[in-house]
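Since the model is a prediction, treat every value here as computed from it, not as a measurement. Note on naming: letters A, B, ... go to the chains in the order of the sequence lines (proteins, then strands), and numbering restarts at 1 for each one. What you see below is based on every heavy atom in this structure, not just the backbone, and it leaves out hydrogens, waters and symmetry mates.
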Amino acid sequence: MTRIGKIVGVFAIILICASLSAGDEPLLTAKVDKTALSPDDSLTLTVTITTEGTSLSGEPEIPPLEDFEIMNTYQSTNFSMLPGQVSMVRIISLVLKPRKTGALTIPAIKFKFKGKEWSTSPISVNVSAGGAPAAPTLPRTTQGLPQKGPSLPPSENITRDPFIEAVLNKTTCYVNESIIYTFRLYSKRTTWADTNLIPPSFKGFIVEEPPGNKSSRFVAIGDEPYHLEEVQYLLIPVSQGRFEIEPAKFSYLTDFFFGDRNTIKTKALEVSVLPLPDEAKPQGFSGAVGNFSATATMEKKPARVDEPLGLSVSIIGDGNLKPVAGLELPKIANTRVYPSKITEARTPELNVRKVFEYLLIPEKEGSLSIEPICLSFFDPGKGSFSRSCTQPIAFIAEASGKTGTRGGVSGPTAPDIQPISLKMDIPLRHPMSRNTFLILLFSPWILIVSVPAFRSIRILIDKDGEKAQKRRAMTEFRKGLKALSRADIAPKEFFSEAHKLLSYYMERRLGLKAGGMTHEELLRRLSELGCRENALSLLKNFLVRSDAVRFSTAELRDEDRGKTISGLLSLISELDRLP
Amino acid sequence: MIPTCFLLITIASGALEAFKSGNDLYLAGNYQGAIAAYESAVAESSQTAEIFYNMGNAYYKLGDKPRAILYYEKSLSLSPRSMDARSNLKRAKDELTLTDEEKLLVSESFRGTPVVNRFTLDESSIIFFWAYIPFTLFLFLTVSFQGKWRQRLTAGSVLLLFITLILGFLLLMRYLDSRNKYGILLVQRIELREGPENTAPPAATSFGGLKARLSESLDAHGETWHKVELPNGQTGWVKDSSLGII
């Protein structure tokens, strides 16, 4: 980001934040740069009005300055923003030249704001021919200065502007005890540009930023008014030991437009954290560390059977109540007790208030009492465990106010309706859509219809299986015959294998067991199946030749082997046409 | 699927917070506040039987019996077997200031098919689904087996078919019933109009807490009107503000 961009950004943030805050009491100051001067010299009277927030309206009333001639006038309005704090500063500077010598007085300057009037003290100026220099007059501020402020910072800081410090309210504490870390920024002016506070990391502590932990006011250090910005953190040590809190850093631009970035830091702080003593630890110790008091209040309404009644137990004090998850309520006879709500809050004084709310539902009429409700805690001030209890509470439960009235006639006491449901089952799915429902409604019928379909498909598959078997028989026969034509085997074996192939084919393709039939029977069956004459003739020739070769010593020439194979192929082609 | 679950859980947590807050307010006796909290739970897209039931209780405590009846009915439409809701519904109906004839009308109005109305449409569908699964299985086995086993399986299939047909019929009844929209008349005494406008002549007189069947809805003259049928068969038009739809 460019420098101009930064400046614009800072102004934008300032204006946005400024618009959110409301004005407070203003600080009116008037000072002069010199109180002794020569008649030819001039002095500067600076009137500064500072308000918290942005609602600065009106002008200061500068009375007629009869002893001075106004040479020049400058006016400016600035915003200052520390984290969470916005101030508006109006500065009017008058360059004055004395009209005469002697002790001159600048009268009081008045300023009206929100119906109230503030004024400065008159300022005396000595004008002499010598013009002896004098120490600058301390600003005289009569309004807006606080009556009380923090302990003054070390004197070496006073010479610097701004300066910061960090302090702890305790440097020795117990585990779980809350201590307060305060960061303070002192400055003579309220206008600092692009400020940034970097707090320490607070290792070893649980850090809380209570509401309203940022404040600002004016304090007097010596005779100088300082604008004090304060930020407080509540630290809760979680373990014993010695811890160092590193320095907090504050950076700012020395000038709005052309200033350099300056960073200053506080000193590191040390804290010794002691363990809680084990001895005398009470039974049911809650873990609370501090000093607390317990009070219990009942809801102000008549207690009635079966009607809820609120009970609040408040624990108030200085310390840490975080470990207290609940209170041990004594048994209340004839009463149902429901824990209702727990709230915890810090007051602006950093006291803690934890309220445990219960709902009591009396079950029977009559006197009921709540025994003291106690909280055990460790009091670091005393260095011992302590206990705070509420006062016992007694109340009378009346009969239920509900009567069964119908048509204006009082009837006997009716039992209450069924109680509300305290648990809820969140449906993890949406209700079934209409389409899903219809699919579900009709899907069984689809399945039922699919059963005969399934059966038909199966039959179809079976039929396909027959066809496939026939096709397989043809393929295997052809493959076998091809292998046979290439094999260098004796004629007997050739015909024997060819015969086997043919028998296998006929069994698979036509369901004829050729091995168990005479030639005549086989030819007759084939004829019955519709086999044509030429095929029957081919088959007959093959069978005769096969027998001749297998059962005689006749030789087989190669051309005869070829003829046999081609004859068999023709035969198979014919047989394959059969159904 | 995962984003849907995430969304449901996110919605659920918001609704749960509102529900708990409503319960706290109810137990503290702040029934109006409890209703507002429950309504915000409903607005979180989480309509559960428990929220409607508790709303019914809150309206009951405020003495608004017709609205109590409406929310008990809403609760029962999501959880029909809730004994608490049934008990409180009966109680709210009994406490309506009515004549004997009117009471009879209230107690018998559109109660739905017995047995079937004890289940939501989703539940009915699931029951039916699990009933036809064994039937289908038996049927497949019957086709696959031969001989003695086939005879036995056929007998089993016939028995299961019978059960499936009964359940299918009940499911269909439930489905047809679910297609009807019902509402509760919220105004103590109300005149049903012959047409969807205030100036239309009165068609019938009725009373708050009565369940009516919606047959038609339309926007007329800047208002929503519903045509309803009363349990005694009378019909007429009522304004949306006088009727709570279940």
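- Counted within 6.0 Å of CZ on B/R86, heavy atoms from surrounding residues, nucleotides or ligands total more than 12; the atom is thus considered enclosed.
- With a threshold of 4.5 angstrom between heavy atoms, B/Y72 approaches chain A through side-chain atoms but not through N, CA, C or O.
- Contacts of A/L359 with chain B are made by side-chain atoms alone, with heavy-atom separations under 4.5 Å and no backbone atom involved.
- Among all heavy-atom pairs drawn from B/F19 and A/L422, the shortest one is CE2-O, 3.6 Å.
- Ranking B/D84, B/N88, B/N23 against chain A, the residue ahead of the rest is B/N88, based on heavy-atom pairs under 4.5 Å.
- The 12-atom threshold is exceeded at CZ of B/R213, counting heavy atoms of other residues, nucleotides or ligands nearer than 6.0 Å.
- Proximity to chain A (any heavy atom under 4.5 Å) is shown, for B/F138, by neither the backbone nor the side chain.
- In this structure, A/Q391 places its CD atom where only 12 or fewer heavy-atom neighbours from other residues, nucleotides or ligands lie under 6.0 Å away.
- The minimum heavy-atom distance linking B/A28 with A/E299 is given by the pair O-OE2, 4.5 Å.
- Residues A/I420 and B/Y53 approach most closely at CA-CE2, 3.9 Å, considering heavy atoms.
- When every heavy atom of A/Q418 is checked against every heavy atom of B/N57, the shortest pair comes out as O-ND2, 2.9 Å.
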